Engineer: 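Take a look at the following structure, please.
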There are 4 protein chains.
Amino acid sequence: MIAITSNKTSEERVRDIVKVIEQAGAQAHISRGVDRTVIGIVGQYEPKLAEHLRSMKDVENVIKISKSYKLASRDFHPDDTIIEIKGVKIGGNHLTIMGGPCAVESPEQIDEIARLVKAAGGQVLRGGAFKPRTGPYSFQGIGVEGLVMMAEAGKKHGLLTITEVMTPETVDVCAEYADILQVGTRNMQNFDLLRKLGETNTPVLLKRGFSATYDEFLNAAEYILAGGNPNVMLCERGIRTFETYTRNTLDLTAIPVLQQLSHLPVISDPSHGTGRRELVETMSKASVAAGANGLIIEMHTDPDNSMTGDGVQSLFPDQFANLLKDLEKLGAVLGKTFDTEKAPAEAFQSWKVV
Amino acid sequence: MIAITSNKTSEERVRDIVKVIEQAGAQAHISRGVDRTVIGIVGQYEPKLAEHLRSMKDVENVIKISKSYKLASRDFHPDDTIIEIKGVKIGGNHLTIMGGPCAVESPEQIDEIARLVKAAGGQVLRGGAFKPRTGPYSFQGIGVEGLVMMAEAGKKHGLLTITEVMTPETVDVCAEYADILQVGTRNMQNFDLLRKLGETNTPVLLKRGFSATYDEFLNAAEYILAGGNPNVMLCERGIRTFETYTRNTLDLTAIPVLQQLSHLPVISDPSHGTGRRELVETMSKASVAAGANGLIIEMHTDPDNSMTGDGVQSLFPDQFANLLKDLEKLGAVLGKTFDTEKAPAEAFQSWKVV
Amino acid sequence: MIAITSNKTSEERVRDIVKVIEQAGAQAHISRGVDRTVIGIVGQYEPKLAEHLRSMKDVENVIKISKSYKLASRDFHPDDTIIEIKGVKIGGNHLTIMGGPCAVESPEQIDEIARLVKAAGGQVLRGGAFKPRTGPYSFQGIGVEGLVMMAEAGKKHGLLTITEVMTPETVDVCAEYADILQVGTRNMQNFDLLRKLGETNTPVLLKRGFSATYDEFLNAAEYILAGGNPNVMLCERGIRTFETYTRNTLDLTAIPVLQQLSHLPVISDPSHGTGRRELVETMSKASVAAGANGLIIEMHTDPDNSMTGDGVQSLFPDQFANLLKDLEKLGAVLGKTFDTEKAPAEAFQSWKVV
Amino acid sequence: MIAITSNKTSEERVRDIVKVIEQAGAQAHISRGVDRTVIGIVGQYEPKLAEHLRSMKDVENVIKISKSYKLASRDFHPDDTIIEIKGVKIGGNHLTIMGGPCAVESPEQIDEIARLVKAAGGQVLRGGAFKPRTGPYSFQGIGVEGLVMMAEAGKKHGLLTITEVMTPETVDVCAEYADILQVGTRNMQNFDLLRKLGETNTPVLLKRGFSATYDEFLNAAEYILAGGNPNVMLCERGIRTFETYTRNTLDLTAIPVLQQLSHLPVISDPSHGTGRRELVETMSKASVAAGANGLIIEMHTDPDNSMTGDGVQSLFPDQFANLLKDLEKLGAVLGKTFDTEKAPAEAFQSWKVV
């Protein structure tokens, strides 16, 4: 950490600053330049000291040299974290596919989609029971009932399940029914929710806030890790830019950067990341080539009549199955492995619309 | 609302789309262009119909012509909302000043600052008891104890109080002690919190998410209004851009735009909006000239030793008092009025550092 | 300037880095932290040394502490630059108003508008002869003919003139007819154009690129100043953000920041900054309160039939005149002065549409 | 194209609008909604009509339904454009690799790098002779001399050459020495330069402006195409976002989107797109998986001592060669083909630093 002051700052004031540093148990190294003085601070990075210094008059800037998160950092955990859930491994060289509808709508719908996800070679069934919506008059999900339906479909077809949790109070009920809990982009800095998840042991997929920096994203993961839950996956789902053609701008560079800075698995979401069905397949491949440890993809048997308006970004079942075949070939070249078997092609060439 | 399809879309498919529109109780007007067909949808705007259409294959785009929020819209409430709390009016031509420290630190600190806010002519005391922080190792506020201290200081000096509420569970306790509840930028789309606030009657200051559009901001306000609480103020506090010199980029155009689209009071936060003390005075004046109904400004007796690192954006008490004198003159030219009296100049020319 | 390396970097490599610094005539101060080593570089800031260091393996980051521009910096020129053109002063406490149509269309149009600008109290007539347009099929301006028309209208009504110059080859002809040359947002980093303008002595209004940082903006000004032309004004005209309601997001904080970092006058363009007529008046006032040294505002006698589609952001003549009256009152409170007289109200209460 | 007005707009005013539409030779279809009236405009898209309508009072918005560019659009040219230069094909299924230093520094440097690019299997040698730099005191390139050196190295080693052209006046000299002319990100909307390039027949690689939308990018290409030069490649090189860890944010979604909207080849630049050597390999692979028709990659024999500070993003020759081997395997899975032979491994396992 370094603090910068103008050379016009008095000697006495610089001594004040040094005193604050030393009282925090760190050492100060002063280096006077032509018009700025740089005070190097040696000692473990200490957010409260940084804040104190930043508050001081005459301190023009405080620059972190080390990182503000620890448990999420690869410096503290050099090996890849591999999360194992009921025999499914997520992280390292395993390529994990999560598929399913935006929202659980009925037992028949989720059962048929689960069958198709499994047949195509997916390992995890996604589906929302509680939906975060920009406006209060949109469809908000069917609630606990949906959790039950999804849990049954997952069990029947041999799939893990993932669902979004929106509030601290519903963490327990969601964890009772689902194998992985998803934190949505709007909740990346809902610190109370993160703390509550830190107290459980249930794996968490944390989505990046739509204008969060890498540093903020890893600090949000740190909240969960610091609570004692080591099972965190990071999910890149597109950031907000000035481009309006796509729903978001999928930042694939986030994948190698997060894997460099952190040991946690990184999952890509090309469905929300693009918001357009015709881009999902290409961006899934690009995500895998960028090193993603997994993908979370929307698939629906009847996107025209999906209840959330996200049908436009949902693949049809045959597109989903063909994509997974392509990804397997691509993964082979890139040293990634699929862990599950696919059903014969007939299994996903027709489906019920329910 | 209009839906757009390619001219290559079959007649039959267009009839499917029209059927969906008519089943929702609306009417469809078809207009065929050279290479696109535009389907105009006449009837009240219906988010679920929009979502359904957006999901349909061949529908290239669905464009809202009317707005998706109602109660927040000036169309539904042509007059300015004026919120009256213990005789203080917020909105319309009243210019309301909220001042105080980032965080409540001790009874002496908040009492001395309250005295100075009042002496300078402010009407509301701000102060955080629960603090949202990017990383888990930063100072997180002193909790309920801080609420009590602030309530006492407010009562003693004749000031309203405002404090941030971060979770649905703490809404009640915060509302017991504070006159206005603030929703922070990271929680603008914490829908559970918004719904809970909608069930109370306590005035709410809703901060704009740091990359929220005007439409999303007003939809977030709609959540509170739709729950039955009409006492909502909107707060512009800076958006995230690529500029790193300032903490955020204060979007002053938001003030006249929000006042045009909505009837709710708009408050500006030049402290978080700039993150630099030396810019706060100028941007406060610019906010008032842009039509702000009020300002929320950080002020501290000892910014060097503030506990949150936000000291760097806090005014000293004499700066705060001088600013309020300037704002009063400026307000007079712009047709804004201050409602409270200022103490004689001596009152804020010296202060205790506690 | 500081360079940062990991502590894992070998001693020998650090010596290599120090050697590069010393060969450039600067001194290196080493400060070893827990996991990073900071090398402070003392000596005048040297962009080429910074680039060399940034290129070196093991150098994680090079951080400028001093600025990369000199002549544009207030450190090198503590007093405000005041540009005087034919008796009109721009900068310091003078508030300069530039008004006129987006494009010069005919002698009658520009003459009538010039009359109205003068009558309202403006000092400078704006108008485009060469227009930069996003697509090749849009109206591109009427060229040199327009320059002649504008020069005549300016002379007749006693106004300075400003027009946009787009290429190095047209600098001379534009300077022959206009008093001030404007560099548009798309050309802020057209370095060849900047260098050519640096060789003249004609005052330049440099518009900020729509996603330029303050540092890049001042570096662009530095190109002109370094060529020997000291007469540069900076113009904030809105940046690109994710908000689509307004054409751009006017960044008023740029005004006090640029005035702090630099001595050059700062002009605000609320017409392009908002793209909506109904916001121009409010944002003009806010610009003046933010400290702008002047405004450049679009005004048209017949915006419905303007040739560029920018009519939507043009004020009508009576709006323009009323705004200037309001700005004069506002300026009085803020210590700004208007230098010219206004005509009696009758002068701008009716106008010819030509 | 549709125009939108409020229902409060008078019948008479709507008739005015319709008249403007009909005078432009188009037809108007009126559809009245609950609070807005939508006027559909049928006829070829006409930018000048759109501008006229946008200028008219009471017209709230004009929305393009069709596109504003024609020659760049896939609607007008359904097949992929394949540009053939001296037997090298760019576009379609061909994967073209361009490699070389940021700047040409000396005959020995560019000769040695050309040898290594060829040995690794590249087809095009890149190198800057004229360099656009943010500040006037940075290294600006060695000029025409550099063009000569690069042309000789290209000829000797059997490589095409590409170099950046910055001004209309230097187009001819650059085209004399180089096979492909590059337009840099800062010049994407330097319309005079684009027009001049439209008059030549030399292939152009047009870089996306760092905050350009897809629509603006394709309109910039349209300037060149409209001038008569059909040989245009589009280059994604990263956009500006709020993230500062990487130099830019490489927008890989641009690749499939541009290929959908347009028939022009799309090249990716992972060197400028990330600004960090350790990310270039991964993002090259992701670019190819996203469907890129080629890559332009910085490679240097001595990045520590590169003259532009871009060494930090330059690959070492062995990294470059290994990457090309990996890309060939990846391309095979994705249906892309490399056209040139690679030299035996020894050829690029050592090199001279000159």
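What you see is a predicted model, and the numbers here were worked out from it, not measured in a lab. Hydrogens, waters and symmetry mates are skipped; everything else that's a heavy atom, side chains included, is used. All chains are named by letter (A, B, ...) in the order of the sequence lines, taking the proteins before the strands, and each is independently numbered beginning at 1.
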Engineer: Between chain A and chain D, identify every pair of one donor and one acceptor N or O atom lying under 3.5 Å apart.
Structural biologist:
residue : atom : partner : partner atom : Å
Y214(A) : N    : E243(D) : OE1          : 2.8
E243(A) : OE1  : Y214(D) : N            : 2.8
Y245(A) : OH   : Q260(D) : OE1          : 3.4
Q260(A) : OE1  : Y245(D) : OH           : 3.4

Engineer: Most heavy-atom pairs under 4.5 angstrom with chain A, which of I255(D), L334(D), L279(D)?
Structural biologist: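 If we count pairs closer than 4.5 Å to chain A, L279(D) comes out on top.
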
Engineer: Counting only non-hydrogen atoms closer than 4.5 Å, does V288(A) touch chain D with its backbone (N, CA, C, O), its side chain (CB onward), both, or neither?
Structural biologist: neither

Engineer: Quick one: what part of A254(A) sits under 4.5 Å from any heavy atom of chain D, side chain, backbone, both or neither?
Structural biologist: neither

Engineer: Considering only heavy atoms, which portion of V257(D) lies under 4.5 Å from any heavy atom of chain A: side chain, backbone, both, or neither?
Structural biologist: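 When you check distances to chain A, atoms from both the backbone and side chain of V257(D) fall under 4.5 Å.
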
Engineer: Closest approach of A289(A) and A286(D), non-hydrogen atoms and distance?
Structural biologist: CB-CA, 3.7 Å

Engineer: Just verifying a value: how many Å separate L250(D) CG and L252(A) CG, rounded to the nearest 0.5 Å?
Structural biologist: 8.5 Å

